> 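Structure below; questions to follow.
Numbering of ligands and ligand atoms starts at 1, following listing order. Bear in mind the structure is a predicted one, so any value in this text is a computation, not a measurement. One is the number of the first residue; the rest follow in order along the sequence.
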Amino acid sequence: MDYSEGLVKISIGKRDLVPSKKDDIFLNEHKSFDRDINVLLVKALGWKNKAYLEVMSGSGIRGLRLAEETAAFSKIVFNDLKKSAVNNIKKNIGLNKIKGCEVHDLDAHELLKTYEKGIDYIDIDPFGSPVYYVVDAMKKLSRNGILSVCATDTGALSGTFPSACRRRYHSNSYLSEFYYESGLRILIKECISLASSYDVALIPIFAHATRHYFRAYFRKVKGAKTADELIKKIGFISYCPKCLNRQIGIKCECVCKEKMILIGPLFAGKLYDEKLVKKMASFGKHEDFFGKILSEAEVDSPWFYTTDSICKKHKISIEPRIKELGFNKTHIHPKGFKTDKNIFEILKKF
Ligand SMILES: C[S@@+](CC[C@H](N)C(=O)[O-])C[C@H]1O[C@@H](n2cnc3c(N)ncnc32)[C@H](O)[C@@H]1O
Ligand SMILES: [Zn+2]
């Protein structure tokens, strides 16, 4: 199969229409949006002559797009455990005439253990959770380097499989109406916590929850003080499933007398470097998405509300539109909005 995306052409041999983990060469066309955002973020960094390493390349499409569509990297390192994928990456490098490439066929752990230090950007894009690779990747990153992680185990992170979340992320996940945001923030919390043991702060600069995956980008800053500041933003959300009241911190009972549910620990701080996001938005692609990201970044709260869940729980028959309410939209849910007002103040507007 031949496929083109952005400015690159990719060949992946024979495959069924629907991508599968079992494919010899893995390529998910539905993640073209994720790769678009990745390209825009790297463009916005304004880098030149940097080194990029991806530990799980699949077809190599991500690294190839970053090489072709940004001026950031003079060295691009690809890796995949599968020999067939590695041969295919080499073919795709040739097809797109990309210079400065290296291709490895190692297990991601081995690559990260053995590769030289001082990489400017590392991408971790596995099937499932990236947490097993975060510490080794963080150690190989240069000062102010960028770590990008993707998680597809959204069921664990968002509350469908809470025990898997406790085992893997040491947090309580819960299927509230903002489960994708709490899931994304549990993932971010775990990456921050893993790095902080080494006096390193992984500062979130961008994140999104799209379709069935979460992606987060961090800047590595060394120093116990910066790590301490970041850790102060890790906490619990107490959530009332009856009236949708929620607050940061541990509270057992809601004002409505319902038992509150503890979600977290999760990262409750800022997910975005707003200057960077504005630069990403200025390239004029995915305007609607960036509009929502900028709108939600204005509000300092680790959750969102949805108009339909409020109407259902509070038996309101006419569902208002977010525009009429004057609240900030979120990119995660079409009916989701962000506000620092509590549920009782919000209800006055319905
Ligand atoms: C989700 S795909 C990567 C997709 C790619 N980054 C993209 O943007 O299209 C995951 C890839 O990791 C490879 N892989 C799985 N386990 C691995 C491991 N332990 N070490 C290295 N590669 C691995 C798989 O063969 C697969 O190609
Ligand atoms: Zn309540």
Side-chain angles (χ1 to χ4, degrees), residues 1 3-6 8 10-13 15 19-39 42 52-67 69 76-89 92 103-115 121-133 136-137 148-154 176-177 210-215 237-247 251-261 305 309-310 313-314 342-344 346-347:
M1 189 180 96
Y3 173 70
S4 60
E5 185 183 294
V8 302
I10 297 291
S11 162
I12 56 163
R15 194 198 78 184
S20 150
K21 271 190 201 178
K22 290 185 189 130
D23 289 341
D24 244 7
I25 295 132
F26 184 82
L27 178 109
N28 187 353
E29 296 89 325
H30 293 307
K31 275 182 108 188
S32 64
F33 175 78
D34 177 42
R35 290 184 286 266
D36 276 4
I37 301 305
N38 201 157
V39 166
V42 170
Y52 170 86
L53 181 148
E54 57 182 36
V55 298
M56 293 166 183
S57 296
S59 67
I61 188 166
R62 186 174 300 268
L64 291 170
R65 284 197 60 186
L66 291 173
E69 296 174 45
I76 297 135
V77 186
F78 297 90
N79 180 66
D80 205 283
L81 193 59
K82 277 193 183 168
K83 292 269 187 301
S84 49
V86 164
N87 290 334
N88 188 255
I89 293 165
N92 287 328
V103 190
H104 298 268
D105 59 358
L106 299 172
D107 173 80
H109 284 293
E110 201 185 334
L111 177 85
L112 287 168
K113 288 264 187 245
T114 53
Y115 208 81
Y121 187 118
I122 299 182
D123 175 84
I124 307 175
D125 192 9
F127 299 128
S129 175
V131 288
Y132 318 107
Y133 307 98
D136 289 340
S148 171
V149 305
C150 188
T152 58
D153 56 340
T154 52
S176 70
E177 71 276 24
T210 308
R211 294 179 73 102
H212 301 299
Y213 61 89
F214 299 153
R215 184 169 285 271
I237 295 173
S238 297
Y239 172 77
C240 173
K242 189 174 165 202
C243 74
L244 308 182
N245 182 21
R246 74 279 311 255
Q247 66 179 67
K251 200 170 177 244
C252 295
E253 197 181 78
C254 181
V255 282
C256 76
K257 302 287 176 214
E258 183 78 7
K259 188 173 176 279
M260 287 190 110
I261 287 158
Y305 298 83
S309 58
I310 292 177
K313 295 277 176 180
H314 291 276
N342 66 38
I343 183 69
F344 310 107
I346 294 168
L347 281 170

> I'd like to check which ligand 1 atoms, numbered from 1 as shown, lie under 4.0 Å from a non-hydrogen atom of S57.
5 (C), 6 (N)
> Does any N/O atom on A108 come nearer than 3.5 Å to any N/O atom on ligand 1?
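Among all N and O atoms of A108, at least one is under 3.5 Å from an N or O of ligand 1.
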> Going by the atom numbers of ligand 1, which of them fall below 4.0 Å from some non-hydrogen atom of G58?
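Checking each atom against G58, I get 27 (O).
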> Heavy-atom contact check, 4.0 Å cutoff: does L106 meet ligand 1?
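Contact present.
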> Can you find a protein heavy atom under 4.0 Å from atom 15 (C) of ligand 1?
no
> Is the shortest N/O to N/O distance between L81 and ligand 1 below 3.5 Å?
yes
> What is the ring orientation for Y121 with Y52, classed by angle as parallel under 30°, tilted 30 to 60°, or perpendicular over 60°?
tilted
> Grab the two heavy atoms, one from I89 and one from G60, that are nearest each other, plus how far apart they are.
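Smallest interatomic distance, heavy atoms only, reads CG1-N, 4.0 Å.
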> Please determine if D80 has a nitrogen or oxygen closer than 3.5 Å to a nitrogen or oxygen of ligand 1.
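The answer is yes, given that D80 and ligand 1 share an N or O pair closer than 3.5 Å.
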> Could you give me the CA-CA distance, side-chain angles and deciding distance for E177 and R246, then say whether salt bridge (charged side-chain N to carboxylate O under 4.0 Å, His left out) is met?
CA-CA 12 Å; E177 71 276 24; R246 74 279 311 255; 2.6 Å; yes
> What's the SG-the Zn ion (ligand 2)-SG angle here (C243, C256), rounded to 10 degrees?
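An angle of 120° at the metal.
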> What protein heavy atom is closest to atom 12 (O) of ligand 1, reported as residue, atom name and distance in Å?
M56 CB, 3.2 Å
> Is any N or O atom of P126, backbone or side chain, closer than 3.5 Å to an N or O atom of ligand 1?
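Not met; the criterion fails.
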> Quick check: does D107 get an N/O under 3.5 Å from an N/O on ligand 1?
yes
> Rounded to the nearest 0.5 Å, what separation is found between the CE atom of M260 and the SG atom of C254?
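Atom-to-atom, M260:CE and C254:SG are 4.5 Å apart.
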> Locate the shortest heavy-atom distance separating N79 from V55; write the atom from each residue and the value.
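So the minimum-distance heavy-atom pair works out to ND2-O, 2.8 Å.
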> At their closest point, which heavy atom of C240 faces which heavy atom of E258, and how far apart are they?
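Shortest heavy-atom separation between C240 and E258 comes out as SG-CB, 3.7 Å.
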> Is it the side chain, the backbone, both or neither of D125 that has a heavy atom closer than 4.0 Å to ligand 1?
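D125 to ligand 1: contacts from backbone and side chain alike.
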> Applying the side-chain contact (heavy atoms from CB on, under 4.5 Å) criterion to S148, which one of I124, D125, I122, D123 satisfies it?
D123
> Count the heavy atoms belonging to other residues, nucleotides or ligands that lie under 6.0 Å from NE2 of H109, then report whether that count exceeds 12.
yes
> Using a 3.5 Å cut-off on N or O atoms only, is R62 in polar contact with ligand 1?
yes
> Determine the minimum heavy-atom distance between A137 and L112, stating which atoms define it.
CA-CD2, 3.9 Å
> Looking at CD of E29 and NZ of K31, how far apart are the two atoms once the value is rounded to the nearest 0.5 Å?
12.5 Å
> Got a salt bridge between D34 and R211, using NZ or NE/NH1/NH2 to carboxylate O under 4.0 Å?
no
> Flag the pair E5 and R35 as a salt bridge only when some basic side-chain nitrogen lies within less than 4.0 angstrom of an acidic carboxylate oxygen.
yes
> Looking only at protein heavy atoms, which one is nearest to atom 2 (S) of ligand 1, and how far off is it?
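In this structure, atom 2 (S) of ligand 1 has F26 CD2, 3.5 Å as its nearest protein heavy atom.
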> Non-hydrogen atoms of V55 versus ligand 1: any pair closer than 4.0 Å?
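V55 counts as a contact of ligand 1 under the 4.0 Å cut-off.
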> State if A85 counts as touching ligand 1 under the rule of any non-hydrogen atom under 4.0 Å.
no
> Could you see which bit of C150 sits under 4.0 Å from ligand 1, with heavy atoms only: side chain, backbone, both or neither?
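Answer for C150: neither.
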> Answer with yes or no whether L27 contacts ligand 1, where contact means a heavy atom under 4.0 Å from a ligand atom.
no
> Write out the residue and atom name of the closest protein heavy atom to atom 9 (O) of ligand 1, then the distance separating them to 0.1 Å.
R35 NH1, 3.2 Å
> Which atoms of ligand 1 are found less than 4.0 Å from any heavy atom of I61?
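Listed by number with element: 9 (O).
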